[in-house]
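If you scroll down you'll find the structure; I have some questions about it.
In listed order, ligands and their atoms are each counted from 1.
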Amino acid sequence: MDFIENNPGGKRYGKTLVGSHFINNRFEGGSTKEVFKSLNPSDLNDVVGVFPVGGEKEIQKAVDAARSAFAKWSQTPAPVRGEIIGRFGKLLAENKQTLSWLVTREIGKTKREALGSVQEAIDTAHFFQSEGRRLYGQTVWSEMRNKECMTYRRPYGVVGIISAGNFPIAVPSWKIIPALLCGNTVVWKPSEDSPVISYVFAQLALEAGLPPGVLNVVHGLGGKSTGEEMIKGIDKGWFQKFSFTGSTVVGKMIGEACGRQLQVPSLELGGKNPLVIMDDADLGKAVEASLFSCYGTGGQRCTSTGNLILHEKIADRFIADFSSAAEKLKIGNPCLDETVYYGALINSRFGERFLDHFEMAKKDGAKLLFGKGRITKDTRPSNFSGDESHGFYVHPTLWDGVKINMNIAQNEVFGPTVNVIRVKSFEEALSVANGTAYGLSSAIFTQNPQSMYLFKNHIDAGMTSINNSTTGAEAHLPFGGTKGSGNGTRESGIWVIDAYTKWQAVNVDLSGRLQLAQIDAETATMADIKPMGNLNQLFPSTWA
Ligand code: NAD
């Protein structure tokens with residue numbers, strides 16, 4: 001790895017990595033001089049890495065490498081592929097501290113959350129190591145004698161991947177690990193928010209023993225740049241499968257391009273996740289969980305709570321407890337202070353969108369309960385531990401008087417802000433919870449088993465928590481959404497295998513003669529069945 005001296009102001013965080021693409025197991029620079037910088041969101045003086053901006057040339061080169069590698073990799077026994085994935089998991093575990101530090105430095109997650117997100121990648125590798133010993137097909141009876149039928153999972157070929165930066169190691173591992181385990185090869189464009197973590201991910205994959213061309217990484221920016229070139233690659237027929245995690249607007253563009261190729265992409269998109277608190281809830285637990293659900297990771301999780309749906313009987317009490325807990329939350333630089341609850345927003349784009357939402361909420365007529373926008377020297381909370389002039393730090397925010405049809409209740413903001421929607425009954429809570437165009441995650445706090453049952457059965461969301469936060473995922477459970485949150489594909493667990501393999505049905509005829517399905521198949525004896533005389537009279541045979 002090549003490093004250069006950091007800016008004087010960023011020196012305390014470490015050096016600056018001079019990054020490169022990873023094609024055919026070689027780290028190489030770009031074909032142009034265009035570069036982008038990865039900055040530490042908690043302290044913009046710190047340049048974490050400098051990377052080349054990839055374009056058509058680099059993507060084509062990576063696709064060629066992936067295509068050449070596919071023939072051999074797809075024929076490598078799946079248990080052997082699994083062993084390499086297992087070694088990769090072991091390397092992730094050995095480097096967990098360093099990787100988590102990078103997640104904190106490059107994305108601004110707290111240490112606790114960064115460790116958890118690296119653990120998710122480790123769990124994923126270990127889960128899929130043993131899937132290499134399964135990847136089951138079926139053997140099935142034929143309609144005919146002396147004939148065998150069976151099914152096989154086959155890999156697609158070259159998988160194109162674009163990922164978001166808020167989960168820079170867990171989410172890519174959800175895609176790359178199963179795609180490779182199933183025998184595909186990969187061309188990945190990571191988020192411009194987290195190129196250094198992606199670079200180290202590739203380095204560890206190389207150390208784990210992935211053959212050349214099996215995993216390729218082309219760095220770059222989003223629209224009108226590397227991301228757009230990746231989408232053009234779909235239209236050029238470069239990818240046999242595409243997988244995307246990011247905003248719904250970009251997901252739709254990818255869905256359209258894949259549709260033109262008659263391909264089904266994996267699309268994991270945005271959310272406006274509802275959290276319902278009923279009048280019989282354990283309020284202490286509900287407040288604690290809601291705090292993390294709404295403000296953990298600075299609200300920059302696809303599963304963060306967007307709408308807090310409160311039963312009117314407990315609404316005021318809940319808001320009072322929630323507000324006093326939110327007031328005590330410590331915001332600051334997680335690189336220098338392990339006790340902060342959340343750090344700066346990942347990039348200024350999220351920052352601008354967060355500031356814009358105040359205007360939207362005011363136009364909607366929502367009532368601001370607390371929240372002062374960006375943290376400045378005049379609005380610094382007393383326990384703030386960072387330098388507000390060097391990062392986009394924002395105050396937690398809460399809106400009351402929100403109705404589900406307001407813009408603020410319908411649009412994902414991706415920051416620490418949440419809307420209170422008051423309801424009179426369980427039925428109304430459920431209807432409001434289902435009232436957005438998204439369907440990623442959902443949660444309810446109640447002690448009533450019937451409400452639990454009805455909620456999980458009638459909420460239209462890919463994931464549902466009962467008495468827990470809307471956030472969180474486990475490597476062996478399906479992750480994904482309904483409606484505008486995705487196209488129904490799932491990440492993680494055994495379900496993701498369906499996304500990265502296609503089924504083949506095979507029959508082997510050992511009869512020594514031509515037996516045609518349906519036509520030559522024998523049927524059960526008719527001896528005991530009485531002919532339906534009337535029907536025969538109605539429809540006399542013309543073939544006799
Ligand atoms: P984004 O869609 O702007 O960017 C995600 C990726 O797409 C990046 O790699 C970016 O470079 C690329 N990209 C951006 N514009 C592009 C374009 N026009 N063409 C091709 N590629 C393009 O998303 P973001 O705002 O960076 O990330 C936050 C979003 O991701 C939120 O909506 C969040 O809910 C969603 N997300 C979803 C999940 C999930 O699993 N459902 C997980 C994490 C994040």
Self-check item: Polar contact flag for Glu412 and ligand 1 (N/O pairs, less than 3.5 Å)
Solution: yes

Quiz prompt | Which of the ligand 1 atoms, numbered from 1, are nearer than 4.0 Å to a heavy atom of Ile231 | solution = 19 (N), 20 (C)

Quiz item: Would you say the side-chain atoms of Lys109 and Ser117 include a donor-acceptor pair closer than 3.5 Å?
Solution: no

Quiz prompt | Identity and distance of the protein heavy atom lying nearest atom 43 (C) of ligand 1 | solution = Asn166 OD1, 3.1 Å

Self-check item: Shortest protein heavy-atom distance from atom 8 (C) of ligand 1, along with the residue and atom involved
Solution: Ser163 O, 3.4 Å

Quiz item: In terms of atom number and element, which parts of ligand 1 are under 4.0 angstrom from non-hydrogen atoms of Glu228?
Solution: 19 (N), 20 (C)

Quiz prompt | Pair Glu192 + Lys189, salt bridge at N-O below 4.0 Å | solution = yes

Practice problem: Measure the distance from atom 3 (O) of ligand 1 to every protein heavy atom, then report the residue, atom name and distance (to 0.1 Å) of the closest one. | Solution: Arg349 NH1, 3.5 Å

Quiz item: Purely on distance, is any nitrogen or oxygen of Lys189 under 3.5 Å from one on ligand 1?
Solution: yes

Quiz prompt | Sub-4.0 Å protein heavy atom next to atom 36 (N) of ligand 1 | solution = yes

Practice problem: Quick one: look up the protein heavy atom nearest atom 23 (O) of ligand 1 and list residue, atom name and how far away it is. | Solution: Ser247 N, 3.4 Å

Quiz item: Are any of the side-chain nitrogens in Glu229 or Lys232 under 4.0 Å away from the carboxylate oxygens of its partner?
Solution: yes

Practice problem: Answer yes or no: does an N/O atom from Phe244 fall short of 3.5 Å to an N/O atom of ligand 1? | Solution: no

